[in-house]
Amino acid sequence: MSSVTRDRGSQSPETFSYDDTIVKWFVIATVAWGAVALLLGVTIAFQMAHWKVNLDLPWLTFGRLRPLHTNAAIFAFCGNAIFAGIYYSHQRLLKARLYSDLLSKIHFWGWQLIIVSAALTLPFGITTGKEYAELEWPIDIAITVIWVVFAVNFFGTIIRRRERHIYVAIWFYIATILTVAVLHIVNSLELPVSFLKSYSLYAGVQDALVQWWYGHNAVAFFLTTPFLGLMYYFIPKAVNRPVYSYRLSIIHFWSLVFIYIWAGPHHLLYTTLPEWAQTLGMVFSVMLWMPSWGGMINGLMTLRGVWHKVRTEPSVRFMATALTFYGMATFEGPLLSIKSVNAIAHFTDWIPGHVHAGTIGWNYMLIAGILFYLVPKLWNTELYSKKLGHQQFWFATIGLVMYVVSMWIAGISQSLMWSAMDDAGKLVYPNFVETVIKITPMYWMRAIGGTFVLISFVMMIFNLYKTAKSGKVEEITYEAYPIDDSSLEPNATPHRVLEGLPMIFSVLSLLAILVGSAIEIVPSLLADQYVVKVSAIKPYSPLELYGRDIYVKEGCYTCHSQTVRPLGHEVVRYGKASTAAEFVYDHPFQWGSKRTGPDLARVGGKYPHMWHYKHFWDPREVTAGSLMPRYHWLFDQKIPFNDIAPRMRVMQKLGVPYSDEEIQGASLSARTQAKEIAQELVQSGVPAKIENMDVVALIAYIQRIGVDYGSIEDDLVAGDQETVVEEAE
Amino acid sequence: MEILVILIPLALGLGFLFLLAFIWSALKGQYDDLETPRYRMLLDDQGLKKISHHSKKEEK
């Protein structure tokens, strides 16, 4: 059956043991960071229900905590769980100890350090402003290094394996490691301004495409493929049954990896992304439905004959429910990718609902199922309390259902209110805040649902702690024969070297792709002649550029979009639909993915400076019922006038046409513009010292958004684009 | 949209890489047997001989 039982040639057995210590460490990190991620999630859920939960503290506002929540949930909680599960199953499937204990330790501590540095930067507004990739460039580099350490440790183990056959779970792990490396590197290309500030190499629509190509595939190759691999090991183990169909597992694996990479543009439907790219993304997303369900069916059918264990074993109950939610989320995903459905759902709370059906329903539940199997195995004992496990299951499930259902209701209600128009073509709900107040009860319900999930997690920690505490550490040494091909290929080179070649080949070709792409791409991105410009669209002034950095820093994009879709009601509500030319200087793009507040693509000049001044001091002074936090610290922080020139210098390198004179005069220009804005404010009774404060820079930026494009005559926009689009020299 | 110049080759490149991996695995006989791999994870003791077994109470 396995190679070791066949002809052993002249080889002698080798003794080895599995490295379970590293698995334990990753298990402990998983539960610890999981609790942090959920606590953050509950916090920001309450912040959306009631603005006072922001506590008027800069580092606790929604815009800064939301990126911390998503990063903690994906990379800290799910990441550590993936490493724990992979390191446990990989060794056993290959009958080999991990390649290097040292690399394992570097991997563990490096990853925890990355998480800690995320926690020490994001709340302080140190962010790149790209969703799910907010970490600044030094941390991006650290992630790359640690990922390579993981890859070497992983592939090294494959090379040293004592089992020729590579089980399907390992294929899922390989796809994860290779693809995440490519995604992370390409999306994180940025030019540093200082140690903790950088600008994305790409601008506008290109940045958006790279970002969502990454963003969607982070879901695919960080939250899906590794977990499917874990599912193929741990579900059969937990129920002691073979996989339902190995053939199906192979077919759905290969179709998933070929299709997933093309689905990203479904995040950008109705934006200024070229139509064909949108259609491509939509078609591939719909195609994904089948391979996704292949995994669900295979997992659930593995439970044939042991369905009673869903009732009796907490681990099996969690795993079966995880598969069910996976099936639900992967049906909902293709549905949401269809353009007409997306027109309703995009920018609404339906999307966070969908995402959490995946992350809580699939990832958390599967992790819980795996931990209930793994912790008793690792600590050589029995689960402390099955009853507590079942109670945890109900808390988690009820909480999740509350979350998903409330977000469906909130999303669809709000979307219908946004698009409601009367017979005269006027908006029925012209005030955006009306549509927010309407769904606030749903935000409360979501926050309560989230609290249930958090409680369930605490129950799990207690249960697992008691389990581990009652256990014993066991070190088993095994003896096994190395794989041997002598019966198949006499005179062949030593076997494992031969088997290792394809691995080395994969890594080398991957490097080749990356280097080749970099050589090809970077110059084209930096070259002026590739940037299509509309003459009316000018770069931001120094003060506006700094104001935009504040916009990014405060995470405004987590609640406000900056792109008007060409849908009737949006054009009536916000103004002209966006075009690609508007965003050519936007490093990074700030289109956002959620409208908790209104779109801002046409906000420039809509309100007087004083309106914004009051709004940042307390949004409720101008918009009763607003959920937005106060930003009173912007009134105390001074604008670093002398720090603006280096930022412009980097922008210039990225192709933004700032002249050297403009950069040298940045400080003066910024002071002059700040003074002008402050003068208008001072006339309304504001203290004169305001002209040096951050809030003025942010107002300058907000008042600029969409202004250049708005100045273009409507008939020119509607008519021949060629007349307004001109190639720069 | 020059970014497509990188993204499309990259996506195709990744696809090509996976294709090579698939061909390699098929030629190597990874899929010749679709029956026993179903039991793989259940048989992880096979071919292994336990030779020692230390256990100690975990110190916390």
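In what follows, every chain begins at residue 1, and chains take the letters A, B, ... in the order their sequences are listed. None of the values given here were measured: they were computed from a predicted structure.
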Undergrad: Mind checking the CG-CG spacing from B:L14 to A:L183? Nearest 0.5 Å is all I need.
TA: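 Output value for this atom pair is 7.5 Å.
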Undergrad: Roughly how far, to the nearest 0.5 Å, is the OG atom of B:S25 from the CD1 atom of A:I174?
TA: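 Output value for this atom pair is 9.0 Å.
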Undergrad: If I take atom CD1 from residue A:I166 and atom CZ from residue B:R40, how far apart are they, to the nearest 0.5 angstrom?
TA: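 Spacing of CD1 (A:I166) from CZ (B:R40) equals 9.0 Å.
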Undergrad: Measure B:F16 against the heavy atoms of chain A and call it side chain, backbone, both or neither at under 4.5 Å.
TA: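 For B:F16, no heavy atom lies under 4.5 Å from chain A.
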Undergrad: Side chain, backbone, both or neither: which part of A:I250 has a heavy atom under 4.5 Å from chain B?
TA: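 The side chain, not the backbone.
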Undergrad: Side chain, backbone, both or neither: which part of A:Y214 has an atom under 4.5 Å from a heavy atom of chain B?
TA: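 Neither the backbone nor the side chain of A:Y214 comes within 4.5 Å of chain B.
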Undergrad: For the atom pair CZ (A:R92) and CG (B:L43), what is the distance rounded to the nearest 0.5 Å?
TA: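 A:R92 atom CZ to B:L43 atom CG measures 14.5 Å (nearest 0.5 Å).
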Undergrad: Please verify the inter-ring angle class for B:F18 with A:F221; under 30° counts as parallel, over 60° as perpendicular, anything in between as tilted.
TA: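 B:F18 and A:F221: parallel rings.
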Undergrad: For B:K49 and A:Y478, indicate whether the former's side chain and the latter's backbone hold a donor-acceptor pair under 3.5 Å.
TA: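 Not a single qualifying donor-acceptor pair exists.
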Undergrad: Considering only heavy atoms from C-beta outward, does the side chain of B:L42 approach that of A:P242 to under 4.5 Å?
TA: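 Answer yes - side chains close enough.
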Undergrad: What part of A:A175 gets within 4.5 angstrom of chain B, counting heavy atoms only: side chain, backbone, both, or neither?
TA: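 A:A175 touches chain B through backbone and side-chain heavy atoms alike.
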Undergrad: Rounded to the nearest 0.5 Å, what separation is found between the OH atom of B:Y39 and the CZ atom of A:R241?
TA: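 It is 8.0 Å, given to the nearest 0.5 Å.
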Undergrad: Nearest 0.5 angstrom please: B:L10 CG to A:W213 CH2, how far?
TA: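 Reported value, rounded in 0.5 Å steps: 4.5 Å.
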Undergrad: Can you tell me which portion of A:F253 sits under 4.5 Å from chain B's heavy atoms? Options are side chain, backbone, both or neither.
TA: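 Interface part for A:F253: neither.
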Undergrad: For the backbone of A:Y246 and the side chain of B:R38, can you confirm whether one donor and one acceptor N or O come within less than 3.5 Å of each other?
TA: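 A pair under 3.5 Å: no.
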Undergrad: Just wondering, more than 12 heavy atoms not from A:R97 lying within 6.0 Å of its CZ?
TA: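 Check passes, neighbour count above 12.
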Undergrad: With only heavy atoms counted, which part of A:F16 is less than 4.5 Å from chain B, the side chain, the backbone, both or neither?
TA: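 Looking at A:F16, just its side chain touches chain B.
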Undergrad: Please flag which part of A:F258 lies under 4.5 Å from any non-hydrogen atom of chain B: side chain, backbone, both or neither.
TA: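 Interface part for A:F258: side chain.
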